[in-house]
Every structure is written in structure tokens, then in C-alpha cells.
K.L.:
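Before I ask anything, here is the structure I am working with.
As a basis for the values below, the full set of heavy atoms in this structure was taken, side chains included, without hydrogen atoms, waters or symmetry mates.
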Amino acid sequence: MLGRKERDQLELYMCGSLRDLLPDDHILVRVDRVLDLSWLREAVSECYSPGSGRPGIDPEVAVRLMLAGFLLGIVHDRRLLREAQVNLAIRWFIGFGLHEALPDHSSLTRIRQRWSAERFRQIFKRTVTACVSAGIAKGEVVHVDASLVRADVSWESLAVRHVDAIRAENGDASEASQIAADTAKTSRKSGRYKKVCVTDPDASMATNGRNRRLEPAYKQHGVVDDVFGVILDVEITTGEVNEGQEILNRLDAVADTTGATIKVATADAGYAYAKVFGGLERRGITAVIPTKAEPVRSKVPLRQFRYDARHDHVKCPRGQILQPNRTKIPHGRFFASKAVDCAGCDLATICLSPSRVTKAVVIVHDYPALLRARRRREQWGEEDKRLYQRHRWRSEGFHGEAKTWHGLARAVRRGLANMRIQAYLTAAAINLKRLAPI
């Protein structure tokens, strides 16, 4: 016979635990087995005034609620709390019964502001040490990469810094716009004509490809372990920060967190700078980084000028010596020839600039390390090629996973501190996934 189910349910009677209703392989059930936040209450106690005010949310409840959102890909506070109202798994994970009222979404905002980004970084670092203790991360072979994260701003919020400066000076918007338009072509290369975001000044215009437009973004720098893809370190900067400026700091942070000595570090050609190779050599780290082809901007390219590190001079293609001069630049030194040496040279017409009688070249700091890296690149063996292939799907896989499944494709909130908190919690959630048994 045809069955019938009455849907009216005036009251809910239940005996037992919410855990009995959840499958053992649910992500929150798995993470709960390995998540230890017993240290958190003491760590954040200094952010609260003892004996005064209303009792706040239990710190462990707040972190569990945030982690549940990142594990399930629900990164917005309002949506997370709406989902927690009806999601038994989230209620059980944070320790709330069906009859208990959940915190307001604004409470999570105040907690982030009160704790600051550094305490969320400690939460992330605890997941790293837990993975190292469990043996799923060693910190000996690591992969370094960076990825842009779109800022939470609209195109209408972008303004031109040059226009704002002229408006402040002249007080005439129409005249300022005309002057800015006239000077845009000449000042764009010098950096004086630059778009900024008025609603999120920390975000900067950046792009991940020459054929793609600039967008307001942040940049995430990540270090991934080779064994199981555990994220060993993550940091957020503005989008215009170059990757080469951060790699050595990130590797030092990994060594400090794991307590292990890094033996091999892989990265793409965006990190192939002399200062990077030199820094890795001083740390005893083998670099598996493809070097860039030297740009040819002259009919007599720089590669034909041989630097002699022992005697600290440069020899030109015709054998003349270029000595270092006293001109100081941040990234290297000038080496210049004598006018008498260049006067009778057959290459002078194509080697020298029309207004100069001497040749000057710049040798960057750690240039010998760059030369050694180029020679090593030509001798890569099968192990080096294998490691570089693993770098591409380990590091890029982490960024793809974070953006596709955990909401890091776009910033949820504005400001560098909030972006760092989002990145730390995302990396912590991914590490807990790695650590949780299936």
C-alpha cells in the first residue's frame, strides 16, 4: 500500500549525541580527532580584561567556527552563521546543542580585531608542528611559489594617485583631470601615474601575466613540503612585492618552525635572481630553480663581459679591464673602463652610447652565484627534473586547492591584517585535512 508521512513536527525530542548522526568520514569529524586548541585560552587571555565586562565567546569555539567555515568553503561570517543554524556537523564541531543560540556574526569580526594576525599565525604554526610530529612533513625538500589573491574591492573604487595629488594642490577637479590626462603617457613609466584603491589602500595593482590586465590584489607566498604537500609557511604582502624579496625570509621561517635543515628548495624562474642564489648558497640549500635567459639589449650583450671574482674586475670582449668605481646602487656595483682603452676599439661604435667615451656595466651582488646556477642548470640530472616537476603540482596544487575549495580566490575582508588572517586560517585548514586520518 502507498505510505504516508506526516510532516508536522511541533517539538523535537532527541536522546543521544549529535555525533551519532554524523558519518565517521565527515571532514569535521576527521579534523576533530587531530585538532588541539587546549593552549589557546591562555594564549589570548591578555586580550581580555579579567573580572570586568560580559563574558566573551569561548576562544576555542570562535576558532573552531572559523575553521569549520574554511574547511567547508564558507568564508563569509554571515553565511557561515546561517549555515550553522541548520548544519548539525558545525554545531557538534563547535560544541553547541540544538537548543543553544549561536554567536552573532559580528562577534567574529571583533575577535579578529582583538587578537591580531600574529595569534592566527600561531594557530597555523601549531598545525605545522603537528604535521612534523606525525611524520607527514619533514621540511627538508620544499617548494616555494607565490600567487595573487584578488582584493575585495570594485573597479569603481580605483583612483589615480597623480590626479589626487593635483586636486589637493590646485583644488580644481576638471583642470586636474586634464593635466593628469596630458601627463599620463610621460609619467606612467616613472611611477608617478599610478592607480590606487581608496577603499583598500593596502591592495596594489598587479597581474600574473603580460597579456592580462592589472587588478587590485594581494600576493600570497607559500612554502609546501615535498612529502604530503603540508603547507610549512605562508605570508601575505601587497601585490607589487617581488617574489625574490620574500623567498629567503620564508625559508628561514620554515627552518625556525620545523627545526629541520632545508636541503633542497625548488621554485620557478620568477625567483632566478643572483641575490636568491647567493642567499641559498650561504644557507647550504641546493636550488632547483631554472635560470632566466639573459636579456639582450645591446649589440654587445653583458654576457660577453667576463667577471673575475678573484681579482674583482670585468674583462670586455677585447680584453680591456673594467674596474669598480665608487658609484653605489642598491643591487650591485658599476664597473667602468678607461677612455683611452675604448678610443681605438673596433667595437666602440656599437658598444658605447653616443654621449659616452667609456663603457660601464653593472654587476649585481652575488653575481658569481648566478653564474654557478646557470652552469648547474645545464647539468640538471633526472632527480633535479623530477623535483621541478613535483614543484609544479605541489605548490601550484596548493594555491589551486586554497582558491577552489577554501575561498582564497578573493579576499573576504579588506586590509593587509585581515588578508593575512584569511591566509593563515586557510593554510591551517588544509594542514588539518592532511593530518586528519581518512
K.L.:
Give a yes or no on whether a salt bridge exists between D152 and R410, defined as a side-chain N under 4.0 angstrom from a carboxylate O.
P.N.:
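Yes, D152 and R410 are salt-bridged.
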K.L.:
With salt bridge (Lys or Arg N to Asp or Glu O under 4.0 Å) as the test, would you mind laying out the steps for R119 and E46 before giving the verdict?
P.N.:
CA-CA 12 Å; R119 288 182 174 82; E46 61 183 19; 2.3 Å; yes
K.L.:
So, for S157 and V153, which heavy atoms are closest and what is the spacing to 0.1 Å?
P.N.:
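The pair with the smallest heavy-atom distance is OG-CB, 3.6 Å.
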K.L.:
Does L67 form a side chain to side chain contact (heavy atoms under 4.5 Å, CB included) with L35? I'd like the steps, not just the answer.
P.N.:
CA-CA 10 Å; L67 285 176; L35 180 60; 4.2 Å; yes
K.L.:
What's the shortest heavy-atom distance between Q304 and V300, and which atoms?
P.N.:
OE1-CG1, 3.9 Å
K.L.:
So, the side chain of S107 versus the backbone of P103: is there a donor-acceptor pair under 3.5 Å, distance only?
P.N.:
no
K.L.:
Output the distance between atom CG (L435) and atom CZ (R30), rounded to the nearest 0.5 Å.
P.N.:
10.5 Å
K.L.:
Flag the pair D366 and R282 as a salt bridge only when some basic side-chain nitrogen lies within less than 4.0 angstrom of an acidic carboxylate oxygen.
P.N.:
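The answer is yes: the pair qualifies as a salt bridge.
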K.L.:
Search all heavy atoms of H143 against all heavy atoms of L387 and return the closest pair with its distance.
P.N.:
CE1-O, 3.7 Å
K.L.:
Determine whether F335 and F305 satisfy the following criterion, side chain to side chain contact (heavy atoms under 4.5 Å, CB included), listing intermediate values before the conclusion.
P.N.:
CA-CA 11 Å; F335 288 75; F305 291 79; over 6 Å; no
K.L.:
What distance do L22 atom CG and I90 atom CD1 have between them, rounded to the nearest 0.5 Å?
P.N.:
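Rounded to the nearest 0.5 Å, the CG-CD1 separation comes out at 11.0 Å.
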K.L.:
Within 45° of the ring axis of F93 and under 6.0 Å from its six-membered ring centre, is that where the NZ or CZ of R64 lies?
P.N.:
yes
K.L.:
For the pair K433 and E401, find out whether any cationic side-chain nitrogen is under 4.0 Å from an anionic carboxylate oxygen.
P.N.:
yes
K.L.:
Any ion pair linking R333 and D312 (charged N to carboxylate O, less than 4.0 Å)?
P.N.:
yes
K.L.:
Scan side-chain atoms only and decide if Q220 and H399 contain a donor-acceptor pair under the 3.5 Å cut-off.
P.N.:
yes
K.L.:
For D77, is there an ion pair with R413 - N to carboxylate O distance below 4.0 angstrom?
P.N.:
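Judged by the 4.0 Å cut-off on N to carboxylate O distance, R413 and D77 do form a salt bridge.
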K.L.:
Distance only, no hydrogens: is a donor on one side chain within 3.5 Å (strictly under) of an acceptor on the other, for H406 and T426?
P.N.:
no
K.L.:
Under the criterion salt bridge (Lys or Arg N to Asp or Glu O under 4.0 Å), I'd like the reasoning laid out for D384 against R376: C-alpha separation, chi angles, the key distance, then a yes or no.
P.N.:
CA-CA 10 Å; D384 295 320; R376 186 180 184 279; 3.2 Å; yes
K.L.:
Surrounding CD of E383 (heavy atoms of other residues, nucleotides or ligands, distance under 6.0 Å), is the total greater than 12?
P.N.:
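More than 12 within 6.0 Å, yes.
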K.L.:
Would you check, one step at a time, whether the test side chain to side chain contact (heavy atoms under 4.5 Å, CB included) holds for M66 with L108?
P.N.:
CA-CA 8 Å; M66 295 180 197; L108 300 183; 4.0 Å; yes
K.L.:
Do the non-hydrogen side-chain atoms of H105 and H76 ever get within less than 4.5 Å of each other?
P.N.:
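Side chain of H105 against side chain of H76, heavy atoms only: no contact under 4.5 Å found.
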K.L.:
Would you say the side-chain atoms of T291 pair up with the backbone N or O of A272, donor to acceptor, closer than 3.5 Å?
P.N.:
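Flag not set: sc T291 to bb A272 has no pair under 3.5 Å.
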K.L.:
Applying side chain to side chain contact (heavy atoms under 4.5 Å, CB included) to V361 and L322, what does each step give before you reach the verdict?
P.N.:
CA-CA 8 Å; V361 298; L322 284 69; 4.0 Å; yes
K.L.:
Got a salt bridge between R420 and E235, using NZ or NE/NH1/NH2 to carboxylate O under 4.0 Å?
P.N.:
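Yes, R420 and E235 are salt-bridged.
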K.L.:
Under the 3.5 angstrom rule, does the side chain of Q320 hit a backbone N or O of K338 as a donor-acceptor pair?
P.N.:
no
K.L.:
For the backbone of K359 and the side chain of S337, can you confirm whether one donor and one acceptor N or O come within less than 3.5 Å of each other?
P.N.:
yes
K.L.:
For atom NZ of K315, decide whether the heavy atoms of other residues, nucleotides or ligands shown that lie under 6.0 angstrom number more than 12.
P.N.:
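Atom NZ in K315 is not packed in, count stays at 12 or less.
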K.L.:
Shortest non-hydrogen contact from L370 to A274?
P.N.:
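Smallest heavy-atom distance, with atoms named: CB-CB, 3.8 Å.
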K.L.:
Distance from M419 atom CE to Y424 atom OH, nearest 0.5 Å?
P.N.:
10.5 Å
K.L.:
Using the rule given for salt bridge (Lys or Arg N to Asp or Glu O under 4.0 Å), can you reason through D252 versus R283, listing the C-alpha separation, both sets of side-chain angles and the distance that settles it, and then say yes or no?
P.N.:
CA-CA 9 Å; D252 291 341; R283 289 164 174 79; 2.9 Å; yes
K.L.:
Could you tell me whether a side-chain N or O of R434 sits under 3.5 Å from a main-chain N or O of G229, the two making a donor and an acceptor?
P.N.:
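Here the side-chain-to-backbone pair exists.
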K.L.:
Is the shortest heavy-atom distance from the side chain of V144 to the side chain of T266 under 4.5 Å?
P.N.:
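V144 does not reach T266 side chain to side chain.
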K.L.:
Measure the CD-CD1 distance between E118 and I421 for me, rounded to the nearest 0.5 Å.
P.N.:
10.5 Å
K.L.:
Is it true that a side-chain atom of D202 and a backbone atom of L416 form a donor plus acceptor pair closer than 3.5 Å?
P.N.:
yes
K.L.:
Within the structure provided, determine whether L352 and T358 are in side-chain contact (heavy-atom separation under 4.5 Å).
P.N.:
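L352 vs T358: side chains apart.
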K.L.:
Do I27 and L72 have side chains that approach each other closer than 4.5 Å (heavy atoms only, starting at C-beta)?
P.N.:
yes
K.L.:
So does I231 get a backbone contact from the side chain of N431, meaning a donor-acceptor N/O pair under 3.5 Å?
P.N.:
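Here the side-chain-to-backbone pair exists.
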K.L.:
H391 and side-chain contact (heavy atoms from CB on, under 4.5 Å): which single residue from V288, I289, D268 fits?
P.N.:
D268
K.L.:
Please assess K138 against T258 for the test side-chain hydrogen bond (donor to acceptor under 3.5 Å, both in side chains), listing each intermediate value before the final yes or no.
P.N.:
CA-CA 8 Å; K138 295 182 178 179; T258 62; over 6 Å; no
K.L.:
Do we get R386 above W393's six-membered ring, with its NZ or CZ under 6.0 Å from the centre and within 45° of the axis?
P.N.:
no
K.L.:
Answer yes if the side chains of N208 and R212 hold a donor-acceptor pair under 3.5 Å, and no otherwise.
P.N.:
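Yes, a side-chain donor-acceptor pair sits under 3.5 Å.
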K.L.:
Quick check against the 3.5 Å criterion: does H26 have a side-chain atom that pairs as donor or acceptor with the backbone of L28?
P.N.:
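Checked: pair present.
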K.L.:
Verify, without hydrogens or angle tests, whether S353 (side chain) and S355 (backbone) share a donor-acceptor contact under 3.5 angstrom.
P.N.:
no
K.L.:
Are R390 and D226 close enough for a salt bridge, meaning some N to O gap below 4.0 Å?
P.N.:
yes
K.L.:
Tell me whether the NZ or CZ atom of R377 lies within the 45° cone about the ring axis of W380 and under 6.0 Å from its centre.
P.N.:
yes
K.L.:
Is any side-chain heavy atom of W115 closer than 4.5 Å to a side-chain heavy atom of V63?
P.N.:
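With C-beta onward as the side chain, the pair touches.
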K.L.:
Could you check whether R150 pairs with E215 (Lys NZ or Arg NE/NH1/NH2 to Asp/Glu carboxylate O, under 4.0 Å)?
P.N.:
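So R150 pairs with E215 through a salt bridge.
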K.L.:
May I have the step-by-step check of salt bridge (Lys or Arg N to Asp or Glu O under 4.0 Å) for K219 and E246, ending in yes or no?
P.N.:
CA-CA 11 Å; K219 183 172 289 186; E246 282 292 319; over 6 Å; no
K.L.:
Is the closest basic N to carboxylate O distance between D346 and R318 below 4.0 Å?
P.N.:
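Yes, this pair counts.
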K.L.:
What's the shortest heavy-atom distance between A137 and D225, and which atoms?
P.N.:
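The answer is CA-OD2, 3.6 Å.
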K.L.:
Where do A203 and Y218 come nearest, in terms of heavy atoms and distance?
P.N.:
N-OH, 3.7 Å
K.L.:
Does any part of the side chain of I136, heavy atoms only, come nearer than 4.5 Å to the side chain of V227, both counted from C-beta?
P.N.:
no
K.L.:
Looking at F124, is its backbone amide N or carbonyl O close enough to the side chain of T127 to form a donor-acceptor pair, meaning the two atoms are under 3.5 Å apart?
P.N.:
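Indeed, once roles are kept as given, a pair shorter than 3.5 Å links the two residues.
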K.L.:
Should the pair K292 and Y273 be classed as cation-pi, given the thresholds of under 6.0 Å to the six-membered ring centre and 45° from the axis?
P.N.:
yes
